[in-house]
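Only one structure is covered here, and it is reproduced in the block below.
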Amino acid sequence: MSGEIPPAQPPPDPPHHGLVHPLSLWRWRHNPLYRCTDRLQGRIALALLLLVPILGLGATFAIGDAADRHYRAAAEHHRRTLHRTTAVLTHDAPDHPEPGSAEARENRYPATVRFTDPNGRTRTAEADVLPGLNAGSSVHVWVDADGTIAEPPMTTEQIRSRTMGWALVAFLTVALAGAAAYRCATVVLRRRNLAEWDTEWAETAPRWTTSP
């Protein structure tokens, strides 16, 4: 009957914003607005997304293994060439602001010590010791063949820490190189697009600007 109010209808379903179907991504490849440079940029991005993790992991293991072998060999060389001896403090070591704290147990302060070198001569030199030690306290130091105090050989924990540091640097270097390569490719392709647009506009502009 004319003039009747139609019954209320349910509201339309809201648009779906879920994941894009892979087939739609494939159709985008045939978008007429896409240029060859756009497709090339997409292929470069995909190649880098696949290659950077693989090359990064390869560099991580290669550099990490090389660093581990280097540091282990250096530590073994130091153990063979250095001499560990007992030294005596000639004066009190400086106190830490927080005696007994975890930081105080990790910190070292320079102090003058007296020791006997491998040739039997008594010598004095500065060595890093725990804070708060009194004069006459005994500490262990490493000396070389000339009787000079040297850094102790690296521990297993120090070797592991430095190896992991170099492995991380290797991975980040590959990742940054991939990002730089993509950036350079983007700049080159963008300049090429701008040049093509200038050429096409030079051909099209007269048809838009010339009066009949």
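Heads up: numbering here begins at 1 and tracks the sequence.
- Listed by chain and residue number, Glu157 satisfy the side chain to side chain donor-acceptor pair (under 3.5 Å) test with Arg160 (two or more places apart in sequence, or in another chain).
- Judged purely by atom type and a 3.5 angstrom limit, Thr148 has no side-chain atom pairing as donor or acceptor with the backbone of Asp144.
- The shortest heavy-atom contact between Ala167 and Gly64 is CB-CA, 4.2 Å.
- The OG1 atom of Thr173 sits 9.0 Å away from atom CG of Leu168, with the distance rounded to the nearest 0.5 Å.
- The shortest non-hydrogen separation linking Ala67 to Thr163 is C-OG1, 4.0 Å.
- Annotation for Gly147 and Pro118: closest pair CA-CD, 4.3 Å, computed over non-hydrogen atoms.
- Residues passing the side-chain contact (heavy atoms from CB on, under 4.5 Å) test with Thr116, sequence neighbours excluded: Thr122.
- In this structure, Phe171 is not a member of the same hydrophobic cluster as Val52, with clusters built from ILVMFWY side-chain heavy atoms closer than 4.5 Å.
- The side-chain contact (heavy atoms from CB on, under 4.5 Å) check on Ala59 picks up Ala170, Val174, with sequence neighbours excluded.
- Atom CG of residue Leu50 and atom CG of residue Leu48 lie 9.0 Å apart, to the nearest 0.5 angstrom.
- The shortest distance between side-chain heavy atoms of His140 and Thr86 falls below 4.5 Å.
- Under the rule for a salt bridge (charged side-chain N to carboxylate O under 4.0 Å, His left out), Arg84 has no partner lying at least two apart in sequence or in another chain.
- Think of Trp166 as one node in a network of Ile, Leu, Val, Met, Phe, Trp and Tyr side chains linked at under 4.5 Å; its network also takes in Ile63, Tyr71, Met154, Ile159.
- With sequence neighbours left out, the side chain to side chain donor-acceptor pair (under 3.5 Å) criterion links Arg72 to Asp68.
- A donor-acceptor distance shorter than 3.5 angstrom exists from the side chain of Thr90 to the backbone of Thr112, with no hydrogens or angles considered.
- Note that OG1 of Thr124 and CZ of Phe115 are 7.5 Å apart. Values are rounded to the nearest 0.5 Å.
- The hydrophobic cluster around Trp142 extends to Leu82, counting ILVMFWY residues whose side-chain heavy atoms fall within less than 4.5 Å of a member.
- Nearest heavy atoms, Asn107 versus Pro131: O-CD, 3.4 Å.
- Listed by first and then second residue, the side-chain hydrogen bond (donor to acceptor under 3.5 Å, both in side chains) pairs involving residues 182-191 are Gln41-Tyr182 (not counting sequence neighbours).
- In the displayed structure, His77 atom NE2 is contacted under 6.0 Å by at most 12 heavy atoms of other residues, nucleotides or ligands.
- Interatomic distance, CD1 of Ile149 versus OG1 of Thr85, reported as 9.5 Å (0.5 Å rounding).
- Of all non-hydrogen atoms in Ala111 and Val129, the two that sit nearest each other are CB-CG2, 3.8 Å.
- Pairs of residues two or more places apart, or lying in two chains, that qualify as salt bridge (charged side-chain N to carboxylate O under 4.0 Å, His left out) and include a residue from residues 122-134 are Asp117-Arg123.
- Across Gly132 and Asp95, no two heavy atoms sit closer than the pair CA-OD1, 3.1 Å.
- Taking the salt bridge (charged side-chain N to carboxylate O under 4.0 Å, His left out) definition, one finds that Arg79 meets it with Glu76, sequence neighbours left out.
- Remark: Arg69 engages Asp65 in a side chain to side chain donor-acceptor pair (under 3.5 Å) (not counting sequence neighbours).
- Identified under the salt bridge (charged side-chain N to carboxylate O under 4.0 Å, His left out) test for residues 166-177, with sequence neighbours left out: none.
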